[in-house]
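Below is one structure; the comments refer to it alone.
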Amino acid sequence: MNLKRIAITGAAGQIAYSLLFRLASGDLLGPHQPIALHLLDLPPFEEALKGVRMELEDSVFPLLKEIKIGSQPEALFEGVHYAFLIGAKPRGPGMERKDLLADNGKIFVEQGKALNRSASPDVRVLVVGNPCNTNCLIAMHHAPDLPRNHFHAMTRLDQNRGLFQLAKKANVDLREVTHLAIWGNHSATQVPDFHNAKIHGAPADKKLDRKWLETEFISTIQQRGAAVIAARGKSSAASAAQAALGAMKALLEPTPHGEWFSSAVYSKSNPYGIDENLVFSFPCRSKGRGDFEIVQGLAIDAFLKEKLALTEKELIEERDLVRGLLK
Ligand code: NAD
Ligand code: LMR
């Protein structure tokens with residue numbers, strides 16, 4: 001079987017430390033697919049990458065055939081089929097994710113260009129580094145030869161957080177909560193869609209108190225990243241790695257009939273009237289092998305509509321802030 005090449009940026013960081021060993025054990029591509037890991041970090045972290053490589057070697061993963069490490073994006077992205085763009089500064093207490101744009105935005109100019117020049121033309125890219133939606137917009141802008149629908153920003157963690165809170169409140173098994181879409185930005189304006197979510201196959205707002213859903217539920221998900229930072233002193237890592245795996249896997253496997261998952265994707269020609277030049281989280285359905293469509297025709301009630309307008313506005317403002325990086 002041909003090797004599949006997976007790039008991970010920020011490979012000396014904390015999310016990568018939770019993700020790499022799972023990739024190497026076949027959690028993404030299954031127990032028969034040999035893989036190569038391409039680990040990218042900044043030059044001062046090359047020594048740390050050597051340590052990560054030693055640990056990967058010492059874990060004797062039979063599927064892991066090759067490990068490349070380095071700090072040159074173009075060299076490290078050579079021929080990659082999957083790219084997890086994690087490398088970026090995390091926020092600290094009291095910051096919003098968009099406060100990172102000035103520092104992190106430019107990383108995605110360089111990495112978009114490098115992907116364009118050296119990745120496999122069918123590469124699928126998941127941007128995790130914050131603010132991930134706008135960073136993803138920047139990366140795709142600088143990769144004009146790659147299809148824009150090969151780029152995603154991660155809202156899977158928000159989806160997972162929402163599933164947990166709904167299951168807990170309804171006192172049901174996690175598997176009974178389905179169809180939870182996150183709309184918009186991976187930020188405090190994101191919209192966890194309780195109206196179209198289902199508990200035991202019925203709309204969540206028929207099973208749970210609407211007032212709780214509109215207030216406590218939404219704000220818990222919007223603020224969950226900040227709550228983790230306040231408690232841990234560092235941003236989420238293992239749950240982010242779990243979400244990154246889930247997000248990429250959801251693209252590769254056909255979505256079961258009638259279901260959907262959340263991913264922030266290029267908004268061109270979207271069926272919900274959202275500005276057409278954003279990376280916006282929508283309910284998506286995969287046809288397998290990385291091809292997906294935005295789910296059409298979901299009911300958008302007045303409450304949801306108002307919230308969608310706020311998250312769209314925030315993404316437009318972020319885009320305005322990085323105008324200089326989108327030339
Ligand atoms: P971390 O500080 O532990 O690791 C980040 C790593 O990225 C560091 O090793 C750093 O040297 C590296 N890096 C920085 N610039 C780089 C560049 N230009 N090229 C390659 N590597 C570079 O941080 P972390 O906890 O792993 O978080 C990484 C990012 O992911 C942060 O921006 C964080 O906010 C974001 N995040 C997003 C989500 C999400 O749901 N989308 C969830 C959690 C964290
Ligand atoms: C998260 O949602 O946990 C991450 O985006 C980290 C953060 O800054 O909140």
Side-chain angles (χ1 to χ4, degrees), residues 7-20 38-52 69-77 83-115 125-136 138-139 152-162 164 182 184-190 192 220-248 262-264 279 281:
I8 300 93
T9 74
Q14 53 153 5
I15 296 175
Y17 198 68
S18 284
L19 178 64
L20 292 172
H38 295 211
L39 312 183
L40 181 79
D41 210 293
L42 295 172
F45 294 89
E46 287 209 40
E47 206 49 38
L49 284 182
K50 287 183 190 162
V52 174
I69 62 173
S71 58
Q72 298 300 321
E74 195 169 333
L76 263 291
F77 290 159
F84 291 87
L85 304 188
I86 300 170
K89 256 194 190 163
R91 65 175 163 155
M95 293 171 75
E96 287 300 332
R97 296 179 186 95
K98 65 183 164 212
D99 299 335
L100 297 166
L101 256 185
D103 284 332
N104 288 347
K106 49 186 181 289
I107 296 173
F108 294 85
V109 174
E110 187 195 15
Q111 293 185 357
K113 288 180 179 166
L115 284 168
V125 181
L126 179 70
V127 178
V128 175
N130 276 322
C132 60
N133 297 55
T134 299
N135 288 338
C136 183
I138 296 170
H152 297 256
M154 187 166 95
T155 51
R156 180 76 175 204
L157 180 52
D158 309 293
Q159 174 185 315
N160 290 349
R161 288 165 170 168
F164 177 79
I182 303 293
N185 201 1
H186 172 61
S187 77
T189 66
Q190 67 176 277
T220 299
I221 309 313
Q222 290 176 333
Q223 295 300 331
R224 188 69 158 186
V228 170
I229 291 169
R232 236 170 70 83
K234 288 188 205 154
S235 65
S236 61
S239 58
Q242 163 77 350
L245 263 179
M248 196 66 99
S262 303
S263 193
V279 170
S281 185

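Indexing begins at 1, ligand by ligand and atom by atom, following the structure's order. Starting from 1, each residue takes its place in the sequence as its number. All figures in this text were calculated on a predicted structure; none of them were measured in a lab.
Listed by number with element, the atoms of ligand 2 under 4.0 Å from a non-hydrogen atom of S235 are 6 (C). Within ligand 1, counting atoms from 1 as listed, the ones closer than 4.0 Å to a heavy atom of S235 are 25 (O). Every atom of ligand 2 is numbered from 1 in the order shown, and the set under 4.0 Å from a heavy atom of H186 is 1 (C), 2 (O), 4 (C), 5 (O). Ligand 1 places these atoms under 4.0 Å from at least one heavy atom of F45: 11 (O). Near A240, with a cut-off below 4.0 Å to any heavy atom, the atoms of ligand 1 are 42 (C), 43 (C). The atoms of ligand 1 that sit less than 4.0 Å from any heavy atom of Q111 are 17 (C), 18 (N), 19 (N), 20 (C). Close approach of ligand 2 to S236 (heavy-atom distance below 4.0 Å) involves ligand atoms 1 (C), 3 (O). Within ligand 2, the atoms closer than 4.0 Å to a non-hydrogen atom of R91 are 7 (C), 8 (O), 9 (O), numbered from 1 in the order shown. Heavy-atom contacts of G225 reach the following atoms of ligand 2: 1 (C), 2 (O), 3 (O), 9 (O) (cutoff under 4.0 Å). The L157 neighbourhood of ligand 1 comprises atoms 40 (O), 42 (C), with distances under 4.0 Å to a heavy atom of that residue.
The shortest N or O to N or O distance between R97 and ligand 2 is under 3.5 Å. Some N or O of I15 is nearer than 3.5 Å to an N or O of ligand 1, by distance alone. Checked against a 3.5 angstrom limit, the closest N/O atoms of E110 and ligand 1 fall outside it.
Only the side chain of I229 comes within 4.0 Å of ligand 2, judged by heavy-atom distances. At a 4.0 Å heavy-atom cut-off, ligand 1 touches S236 through backbone and side chain alike. Residue contacts with ligand 1 for C132 involve side-chain atoms from C-beta outward but no N, CA, C or O (heavy atoms, distance under 4.0 Å). The proximity of P90 to ligand 1, defined as any non-hydrogen pair under 4.0 Å, involves the side chain as well as the backbone.
Looking at I229 and S235, their side chains come closer than 4.5 Å, going by heavy atoms from C-beta outward. Counting heavy atoms from C-beta on, the side chains of I69 and F45 never come closer than 4.5 Å. Between V127 and V279, every side-chain heavy-atom pair lies at or beyond the 4.5 Å cut-off. Looking only at side-chain heavy atoms (C-beta outward), L126 and R156 stay at 4.5 Å or farther from each other.
Here the OG1-CD1 distance, from T9 to I15, works out to 9.5 Å after rounding to the nearest 0.5 Å. Expressed to the nearest 0.5 Å, how far SG of C136 lies from CG of L85 amounts to 8.0 Å. The distance from the CG atom of L76 to the CG atom of L115 is 11.0 Å, given to the nearest 0.5 Å. To the nearest 0.5 Å, atoms OG (S236) and CG (L157) are separated by 5.0 Å. Rounding to the nearest 0.5 Å places CZ of R97 at 12.5 Å from CG of N135. Put simply, CZ on R161 and CD on Q190 are 8.0 Å apart, with the number rounded to the nearest 0.5 Å.
Checked for salt-bridge contact, E110 and K113 miss the test: no charged N lies under 4.0 Å from a carboxylate O.
Using a distance-only test at 3.5 Å, with no hydrogens or angles considered, no donor-acceptor pair links the side chain of D158 to the main chain of I182. D103 contributes no side-chain N or O that, together with a main-chain N or O of L100, makes up a donor-acceptor pair within less than 3.5 Å. Using modelled atom types, no side-chain atom of H186 and backbone atom of T155 make a donor-acceptor pair closer than 3.5 Å.
By heavy-atom distance, the residue among R161, R232, Q222, Q190 lying nearest atom 1 (C) of ligand 2 is R161. Comparing R224, H186, K89 by heavy-atom distance to atom 40 (O) of ligand 1, the nearest is H186. The closest non-hydrogen atom to atom 37 (C) of ligand 1, taken over V128, I229, V127, N104, comes from V128.
The protein atom (non-hydrogen) at minimum distance from atom 3 (O) of ligand 1 is Q14 N, 2.9 Å. Nearest to atom 10 (C) of ligand 1 among the protein's heavy atoms is D41 OD1, 3.4 Å. Among all non-hydrogen protein atoms, the one lying nearest atom 4 (O) of ligand 1 is G13 CA, 3.2 Å. The single protein non-hydrogen atom nearest to atom 18 (N) of ligand 1 is I107 CG2, 3.4 Å, given as residue, atom name and distance. If you check which protein heavy atom lies closest to atom 5 (C) of ligand 1, you get A88 O, 3.6 Å. Annotation: atom 28 (C) of ligand 1 to nearest protein heavy atom, I86 O, 3.3 Å. The protein non-hydrogen atom at the shortest distance from atom 17 (C) of ligand 1 is L42 CD2, 3.5 Å. Residue, atom and distance of the protein heavy atom nearest to atom 6 (C) of ligand 1 are G10 CA, 3.6 Å.
Contact between N130 and ligand 2 is present, with at least one heavy atom of the residue lying under 4.0 Å from the ligand. Taking 4.0 Å as the cut-off, R156 does not count as a neighbour of ligand 1 on heavy-atom distance.
Closest non-hydrogen pair, A153 versus C132, comes out as CB-O, 3.5 Å. Residues Q222 and T189 approach most closely at NE2-C, 3.7 Å, considering heavy atoms.
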*Go through the steps to decide whether T134 and F108 satisfy the test side chain to side chain contact (heavy atoms under 4.5 Å, CB included), and finish with yes or no.*
CA-CA 9 Å; T134 299; F108 294 85; over 6 Å; no
